[in-house]
Amino acid sequence: MSRQLKIAAAQLGPLHRSDTRRDATRRLVELLREAHSMGARFVVFPELAFTTFFPRWWMPDQNEVDRLYFEESIPSADTQPLFDEARRLGMGFYIGFAEKIEEGGRTRRFNTAILVAPDGSVVGKYRKVHLPGHADHKPDAAFQHLEKKYFEVGDLGFRVWRFMNMIAGMLICNDRRWPEAFRVLALQGAELVALGYNTPTENLHYPEPPALRVHHHLIMAQAMAFQNATWLVEAGKCGSEDGFRMFGHSLIVAPTGEIAAKSLTEDDEVIACHCDLDLAADLKRTMFNFAAHRRPEHYGLIVERVGAQVTPANE
Ligand code: CDT
């Protein structure tokens, strides 16, 4: 009998600067209940799901940033109700948050996601590797994208976990633009990749039509799921946060590359799908039988070189 799991993506509408983590948790609990009523047993929530997308703001007082946006423990008093309700309902989930730790005598901050089992235990942690944006203040820009200021590059690598009768991996937002991240998960047998995101409708760095940004979001998801023979569940935080818009289009993509479910709004919304986990395993035995067809002896540059250098073979 094939392995079936009903999975949901719980999209969040806007969280403004004035919204507290308690406010966010209340909404997350409602979304969790809705996913449960739809029959889902595993839910993917967005990146930095308890707060507004704060890297859009230049804030010189790090103590204030820590107090308003970073978690020193998870669950915390404010976020505990989500964990309690998930355990009561017997549901697993993925959620993103800003993590602050003390390690080796210094404070470290990461953009983090965790996998929580139906019994409430945290079974896996991932710290975002691909941090977009910049670290300096850009006073002339319409908004900032200061992930390089507020976070360190994740130090836990790309891992998978045996979880709820599947092999699950985690990524966060900008990671979805880098095929290497997915491939490292797929090489460990990932059958499902969970990913939360916050993606501004406008590109900070150069003009780009909003529709094109959504187009890229969709084709990346479809390509990454298919080429790595994995289910992919992406949940966004979206809508206009204090006047700064981010797009929705949360989605569940099958290992065939087909979009199985997609959100319609830019507000709180749950989408769900019956996922046949063996579809991922089957494709890894056939079309994407890595052991039979990959040629890593020709892929060396992928790990040796970071930026492109032009060295034509005839020079
Ligand atoms: N949160 C996050 O990583 N957002 C980025 C914005 C990049 S703008 C080109 C994203 O990749 O969606």
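Just follow the structure's listing: the first ligand is 1, and inside any ligand the first atom is 1. Because only heavy atoms are used, hydrogens play no part in the values below, and waters and symmetry mates are left out as well, while side chains stay in.
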(request) Using the side chain to side chain contact (heavy atoms under 4.5 Å, CB included) rule, take N111 and L48 through it: C-alpha gap first, then chi angles, then the decisive distance, then the call. (result) CA-CA 7 Å; N111 185 340; L48 300 173; 3.7 Å; yes

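- With atom 3 (O) of ligand 1 as the reference point, the heavy atom nearest to it among H205, E47, K128 is part of K128.
- For ligand 1 and C173, the ligand atoms under 4.0 Å from any heavy atom of the residue are 1 (N), 2 (C), 3 (O), 4 (N), 5 (C), 10 (C), 12 (O).
- The nearest protein atom to atom 8 (S) of ligand 1, hydrogens excluded, is given as R213 NH2, 3.5 Å; this is a heavy-atom distance.
- If you check the side chains of S121 and R87, you find no donor sitting under 3.5 Å from an acceptor.
- Between the side chains of E34 and H36, no donor-acceptor pair of N or O atoms lies under 3.5 Å.
- For E71 and S73, the side-chain atoms include no donor-acceptor pair closer than 3.5 Å.
- Looking only at atom types and distance, the side chain of T311 has no donor-acceptor partner in the side chain of Q309 under 3.5 Å away.
- The residue M220 has no part lying near ligand 1, judged by heavy-atom distances below 4.0 Å.
- Interface of T199 with ligand 1, defined as ligand atoms under 4.0 Å from a residue heavy atom, comprises 10 (C), 12 (O).
- A donor atom on one side chain and an acceptor atom on the other are found under 3.5 Å apart for D175 and H130.
- Between the side chains of S250 and E234, no donor-acceptor pair is found at a separation under 3.5 Å.
- Of all protein heavy atoms, the one lying nearest to atom 7 (C) of ligand 1 is N174 ND2, 4.0 Å.
- With hydrogens left out, the protein atom closest to atom 11 (O) of ligand 1 is R177 NE, 2.6 Å, a heavy atom.
- For the pair R127 and F110, the cation-pi test (distance below 6.0 Å, angle within 45°) is passed.
- Among protein heavy atoms, atom 6 (C) of ligand 1 sits closest to H145 CE1, 3.6 Å.
- Interface of E147 with ligand 1, defined as ligand atoms under 4.0 Å from a residue heavy atom, comprises 1 (N), 2 (C), 3 (O).
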(message) Assess the residue pair I101 and T107 against the criterion (side chain to side chain contact (heavy atoms under 4.5 Å, CB included)); give the C-alpha distance rounded to whole Å, side-chain angles, the decisive distance to 0.1 Å, and a yes or no.
(response) CA-CA 6 Å; I101 58 165; T107 304; over 6 Å; no

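- Heavy atoms of H130 found under 4.0 angstrom from ligand 1: none, in either backbone or side chain.
- Listed by atom number, the atoms of ligand 1 under 4.0 Å from F53 heavy atoms are 1 (N).
- Shown in contact with P132 at under 4.0 Å from a heavy atom are these atoms of ligand 1, numbered in order with element: 2 (C), 3 (O), 5 (C).
- Close approach of ligand 1 to N198 (heavy-atom distance below 4.0 Å) involves ligand atoms 1 (N), 2 (C), 4 (N).
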